[in-house]
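Everything on this sheet refers to the single structure shown next.
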Amino acid sequence: MDVYEKIISSAIEKDYEFVSHKDFYELVKNNELVGKKLFLIRHDIDTDPKLSYQWLKVEEKYKVKTTYYFRLKTLDFKLMNFIHQSGIHCGYHFEEIATYAKKYNLKNLAILRSKYSEVEQDFKKNLKEINSKLNFKIESIASHGDFANRIFGASNFDFINQELLKETDLLFECYDPLFIDNFTTIISDYEYPTFYRGNKNVLQAIEDNDQIIHFLVHPKHWRSNWYWNTKEAFNRLIEGIKYRNAK
């Protein structure tokens with residue numbers, strides 16, 4: 001967390017304004033990006049949801065806004081409600097296409113796309129169930145990347161369109177080009193010894209005064225939780241063997 005705190009404090013010292021994905025969406029929609037120096041942090045809670053409390057402690061100390069996205073397997077409704085009540089944006093990290101493909105052993109993209117109506121129903125069902133257990137309504141979604149996506153050759157947001165967003169009262173999917181094309185610099189955390197993936201590391205981007213920095217982080221790169229990391233690695237191994245060997 002000392003590294004995380006260093007990133008945030010360095011950005012504040014360089015006069016960056018921290019905004020959530022929802023804040024950024026409103027700025028883009030209203031054409032209000034000119035002259036702004038922005039920093040966005042997106043937390044993809046793929047594993048180890050309890051680490052969020054440590055991130056949130058740092059964010060509260062510096063009074064900054066970020067964004068958290070939870071998968072079905074990491075849903076923690078108490079934590080998600082706490083995040084929302086803290087004034088932090090919280091959304092759904094969805095992966096229904098990959099889940100459907102693995103369930104029915106589909107690797108041909110054309111065949112898989114012919115099943116998107118069923119994928120869409122799964123998505124709407126999952127979203128409705130999540131909303132029913134929260135004290136707030138999910139307003140944004142972010143696609144999760146799975147090994148299966150590399151096999152069938154499409155991202156999990158492939159079935160998302162404006163009609164579906166409107167039907168489900170969602171504001172945006174955060175890989176929409178109208179959203180991400182406005183970032184000056186996109187950086188993701190990564191495993192040792194590289195630590196960062198992108199054109200530069202995040203502290204260098206801050207030092208260079210890049211106008212709009214988007215930083216994506218994942219729990220597994222910030223602490224070694226043997227339970228979650230072992231569980232996720234084992235599940236991916238078993239799923240991978242079954243999916244790749246299925247006829």
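Numbers here are sequence positions counted from 1. Given the structure is predicted, the values throughout are model-derived calculations rather than measurements.
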Please verify the inter-ring angle class for [X] with [Y]; under 30° counts as parallel, over 60° as perpendicular, anything in between as tilted.
X: F39; Y: Y16; value: perpendicular
X: Y92; Y: F94; value: tilted
X: W222; Y: W55; value: perpendicular

By salt bridge (Lys or Arg N to Asp or Glu O under 4.0 Å) - contacts of K61 (at least two apart)
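Listed in chain order: E5.
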
What residue among F172, F183, F18 forms ring-ring contact (aromatic ring centres under 6.0 Å, His included) with F24?
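Exactly one option meets the ring-ring contact (aromatic ring centres under 6.0 Å, His included) with F24, and it is F183.
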
Step by step, work out the side chain to side chain contact (heavy atoms under 4.5 Å, CB included) result for I187 and L216.
CA-CA 6 Å; I187 304 169; L216 172 62; over 6 Å; no

Looking at [Y] and [X], is any side-chain nitrogen of the basic one under 4.0 Å from a carboxylate oxygen of the acidic one?
X: E95; Y: R71; value: yes
X: K124; Y: E120; value: yes
X: E191; Y: K220; value: no
X: K102; Y: D146; value: yes
X: K37; Y: E17; value: no
X: D210; Y: K200; value: yes

Hey, would you say the H93 and F70 ring centroids sit under 6.0 Å apart?
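Centroid separation for H93 and F70: 6.0 Å or greater.
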
So, Y190 versus Y196, ring centres under 6.0 angstrom or not?
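No.
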
Hey, does [Y] have a side-chain heavy atom less than 4.5 Å from the side chain of [X]?
X: L79; Y: L56; result: yes
X: S143; Y: E173; result: yes
X: I138; Y: L127; result: yes
X: L33; Y: L38; result: yes

Side chain to side chain donor-acceptor pair (under 3.5 Å) between H89 and S140, worked out
CA-CA 9 Å; H89 190 65; S140 73; 2.8 Å; yes

Side chain to side chain contact (heavy atoms under 4.5 Å, CB included) for N229 and K231? Distances and angles first, verdict last.
CA-CA 5 Å; N229 292 351; K231 178 182 178 181; over 6 Å; no

Results of ring-ring contact (aromatic ring centres under 6.0 Å, His included) for H21 - residues two or more places apart only
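H21: ring-ring contact (aromatic ring centres under 6.0 Å, His included) contacts with Y69, F179, H214.
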
What pairs with Y227 under ring-ring contact (aromatic ring centres under 6.0 Å, His included), at least two apart in sequence or on another chain?
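For Y227, no residue satisfies ring-ring contact (aromatic ring centres under 6.0 Å, His included) once neighbours in sequence are set aside.
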
Test salt bridge (charged side-chain N to carboxylate O under 4.0 Å, His left out) on E129 and K125 and set out the steps.
CA-CA 6 Å; E129 184 171 350; K125 177 183 176 183; over 6 Å; no

Using 0.5 Å steps for rounding, measure from the [atom1] atom of [X] to the [atom2] atom of [Y].
X: I41; Y: Y68; atom1: CD1; atom2: OH; value: 8.5 Å
X: R197; Y: I186; atom1: CZ; atom2: CD1; value: 12.5 Å
X: Y25; Y: L27; atom1: OH; atom2: CG; value: 12.0 Å

Mark yes or no for whether [X], through its side chain, and [Y], through its backbone, hold a donor-acceptor pair below 3.5 Å.
X: D44; Y: D46; result: no
X: N30; Y: E32; result: no
X: N126; Y: D122; result: yes

Testing the basics here: between [X] and [Y], what is the closest heavy-atom pair and its distance to 0.1 Å?
X: P219; Y: T47; value: CG-O, 3.1 Å
X: F136; Y: M80; value: CE2-O, 3.5 Å
X: A205; Y: T185; value: CB-CG2, 4.2 Å
X: D23; Y: K65; value: OD2-CD, 3.2 Å
X: I97; Y: S155; value: CD1-O, 3.7 Å
X: I206; Y: I213; value: N-CD1, 3.9 Å

Can you establish whether the number of heavy atoms outside N209 located under 6.0 Å from its atom CG is more than 12?
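Atom CG in N209 is packed in, count exceeds 12.
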
Donor-acceptor pairs under 3.5 angstrom involving side-chain atoms of residues 157-164: please list them, not counting sequence neighbours.
unit_1 : atom_1 : unit_2 : atom_2 : d
D158   : OD1    : R113   : NH2    : 3.3
D158   : OD2    : R113   : NE     : 2.8
D158   : OD2    : R113   : NH2    : 3.2
D158   : OD2    : Y116   : OH     : 2.6
N161   : OD1    : E163   : N      : 3.2
N161   : OD1    : L164   : N      : 2.7

Can you tell me which residue pairs pass the salt bridge (charged side-chain N to carboxylate O under 4.0 Å, His left out) test with a partner in residues 48-57, sequence neighbours excluded?
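Pairs touching residues 48-57 that pass the test: D48-R223, K50-D76.
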
Show, in sequence, the C-alpha distance, side-chain angles and deciding distance for N81 and Q85, and conclude whether the side chain to side chain donor-acceptor pair (under 3.5 Å) test is met.
CA-CA 6 Å; N81 283 326; Q85 290 162 7; 5.3 Å; no

Check for me, please, whether W228 and Y53 land in the same ILVMFWY cluster - side-chain distances under 4.5 Å, paths through other members count.
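Not linked; separate clusters.
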
Verify side chain to side chain contact (heavy atoms under 4.5 Å, CB included) between L203 and S10, making sure each step is shown before the conclusion.
CA-CA 8 Å; L203 288 172; S10 297; 3.9 Å; yes

For L75 and I130, run side chain to side chain contact (heavy atoms under 4.5 Å, CB included): C-alpha distance rounded to whole Å, both residues' side-chain angles, the deciding distance at 0.1 Å, then the answer.
CA-CA 8 Å; L75 291 175; I130 293 169; 3.8 Å; yes

Verdict with supporting geometry, Y4 and E59, side chain to side chain donor-acceptor pair (under 3.5 Å)
CA-CA 9 Å; Y4 189 64; E59 292 159 9; 2.5 Å; yes

Partners passing side chain to side chain donor-acceptor pair (under 3.5 Å) against Y175 (at least two apart in sequence or in another chain):
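Scan of Y175 (side chain to side chain donor-acceptor pair (under 3.5 Å), adjacent residues dropped) gives R42.
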
